[in-house]
2 protein chains.
Amino acid sequence: MRNTEQKSVILEVLQTHKDHPTADQIYSEVRERLPRISLGTVYRNLEKMSQAGVILKLELGGGQKRFDPTPSDHAHFRCVICSAVEDLPEDLRIDLPELSTLDNSKRVVLGNTLEYYGYCEKCAAERQLN
Amino acid sequence: MRNTEQKSVILEVLQTHKDHPTADQIYSEVRERLPRISLGTVYRNLEKMSQAGVILKLELGGGQKRFDPTPSDHAHFRCVICSAVEDLPEDLRIDLPELSTLDNSKRVVLGNTLEYYGYCEKCAAERQLN
DNA sequence: TTATATGCAAAGTGTTTGCATAGCA
DNA sequence: TGCTATGCAAACACTTTGCATATAA
């Protein structure tokens with residue numbers, strides 16, 4: 001993996017985020033610094049970095065992939081109606097079993113994500129009305 | 001939600017699965033019983049049933065949504081290289097915090113999924129070679 | 001009877017890819 | 001120098017949607 005300005009700007013932009021931006025959110029922010037960068041380059045770099053374990057590619061619903069600068073444990077709540085994704089409080093995180101207990105295969109475990117799903121506050125309210 | 005033959009066949013087909021088929025896998029199996037059903041109908045019904053909490057829509061990576069007949073707790077392993085999704089042994093499941101502890105919002109929690117990610121056995125092996 | 005569901009096909013959305021050029025190592 | 005990354009645009013894969021018709025309640 002070669003070091004290019006595009007790649008480092010993408011990573012820097014991503015690291016300023018506390019949430020999980022989509023590729024085109026990243027693209028538009030990166031373009032403020034590199035106006036000629038292409039969306040394809042953004043996708044290619046995000047993909048490579050997530051394969052390298054530098055960042056995390058999340059598939060949280062809503063049709064768009066999201067990217068996380070800190071590949072650490074996370075808990076999210078996803079609404080099955082409107083696809084909204086909300087972060088859950090840190091202290092919700094539970095102690096997961098030792099990764100090695102996954103089984104005795106040769107998988108390399110980089111991390112995990114925990115996702116709750118259901119109706120968000122807004123959709124739950126609208127549901128009551130029907 | 002009206003009961004139609006299409007809907008019940010879709011649900012029946014899904015319930016024969018122990019894995020998490022994609023919409024077009026379901027479509028092709030349903031078509032053996034209802035040759036004139038359309039893909040759009042399959043999508044519409046899967047969406048409705050997942051909104052109703054009857055089934056679970058999973059976004060596990062690989063670009064395709066997957067559907068699960070039993071909206072119960074699940075643990076998966078996803079390869080960040082090849083996007084393969086593997087089921088993890090049942091006994092891996094951990095005791096999650098009481099859903100009510102999520103916070104004191106008015107969210108309705110239907111369930112949760114736990115996902116590990118990393119390199120699957122095959123991709124881990126190929127990675128060693130490089 | 002009438003509102004919801006269907007089949008069909010077209011449109012949409014997000015993502016990937018081929019190719020010629022640029023630029024890192 | 002040689003090989004990887006880029007920009008551009010076209011192609012792709014999956015999903016959603018408009019519309020006229022069919023059908024459950």
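In what follows, every chain begins at residue 1, and chains take the letters A, B, ... in the order their sequences are listed.
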Q: Looking only at side-chain atoms of A/Lys65, point me to the closest of C/dG7, C/dA25, C/dT16.
A: C/dT16
Q: Among the candidates D/dA5, C/dG7, C/dC19, find the nucleotide nearest to the side-chain atoms of A/Arg44.
A: C/dC19
Q: Check the distance between C/dC8's C1' and B/Arg31's CZ and give it to me in whole angstrom.
A: 13 Å
Q: Check whether any side-chain N or O of B/Ser38 sits under 4.0 Å from OP1 or OP2 of C/dT6, and answer yes or no.
A: no
Q. Want to settle it: does A/Ile37 or B/Asn3 sit nearer the 5' end of DNA chain D, counting the closest nucleotide to each?
A. A/Ile37
Q: Could you tell me the separation between the CE atom of A/Met1 and the P atom of D/dC3, rounded to a whole number of Å?
A: 20 Å
Q. Is there a donor-acceptor contact under 3.5 Å from the side chain of A/Lys48 to the main chain of A/Met1?
A. no
Q. Taking atom P of D/dT4 as reference, at what distance in whole Å does atom CE of A/Met49 sit?
A. 19 Å
Q.
Taking the nucleotide of DNA chain C with the nearest heavy atom to each, does B/Leu39 or B/Lys48 sit closer to the 5' end?
A. B/Lys48
Q | A/Thr4 side chain, from C-beta outward: closest of C/dG7, D/dG7, D/dA5 | A | D/dA5
Q) Are the side chain of B/Glu29 and the backbone of B/Ile26 linked by a donor-acceptor contact shorter than 3.5 Å? A) no
Q. When the nearest nucleotide of DNA chain D is assigned to B/Glu47 and to B/Glu5 on a heavy-atom basis, which residue is associated with the more 5' position?
A. B/Glu47
Q. Within this structure, what is the CZ-to-C1' distance between A/Arg36 and C/dA22, rounded to whole angstrom?
A. 11 Å
Q. Just checking A/Asn45: base, sugar-phosphate only, or nothing, at a heavy-atom cut-off of under 4.0 Å?
A. sugar-phosphate
Q. So, is A/Gln6 near the phosphate of C/dG23, with a side-chain N or O under 4.0 Å from OP1 or OP2?
A. no
Q | A/Glu59 CD to C/dG14 P, straight-line distance once rounded to whole Å | A | 14 Å
(Q) For B/Met49, run the side-chain contact (heavy atoms from CB on, under 4.5 Å) check against B/Leu56, B/Leu14, B/Ile10 and tell me which one passes. (A) B/Ile10
Q. Counting N and O atoms only, with roles assigned by atom type, does the side chain of A/Glu47 sit under 3.5 Å from a partner on the main chain of A/Arg44, one being a donor and the other an acceptor?
A. no
Q: Return the value, rounded to whole Å, for the distance between atom CD of B/Gln64 and atom C1' of C/dT13.
A: 15 Å
Q.
I'd like to check the side chain to side chain donor-acceptor pair (under 3.5 Å) partners of B/Arg33; sequence neighbours left out, ordered by chain and number.
A. B/Glu12
**Q.** Closest-nucleotide 5' rank along DNA chain C - winner of B/Gly40 and B/Lys7
**A.** B/Lys7
Q) Taking atom P of C/dT4 as reference, at what distance in whole Å does atom CZ of B/Arg2 sit? A) 7 Å
Q: Can you tell me the distance, in whole Å, between the CZ atom of B/Arg66 and the C1' atom of D/dC14?
A: 13 Å
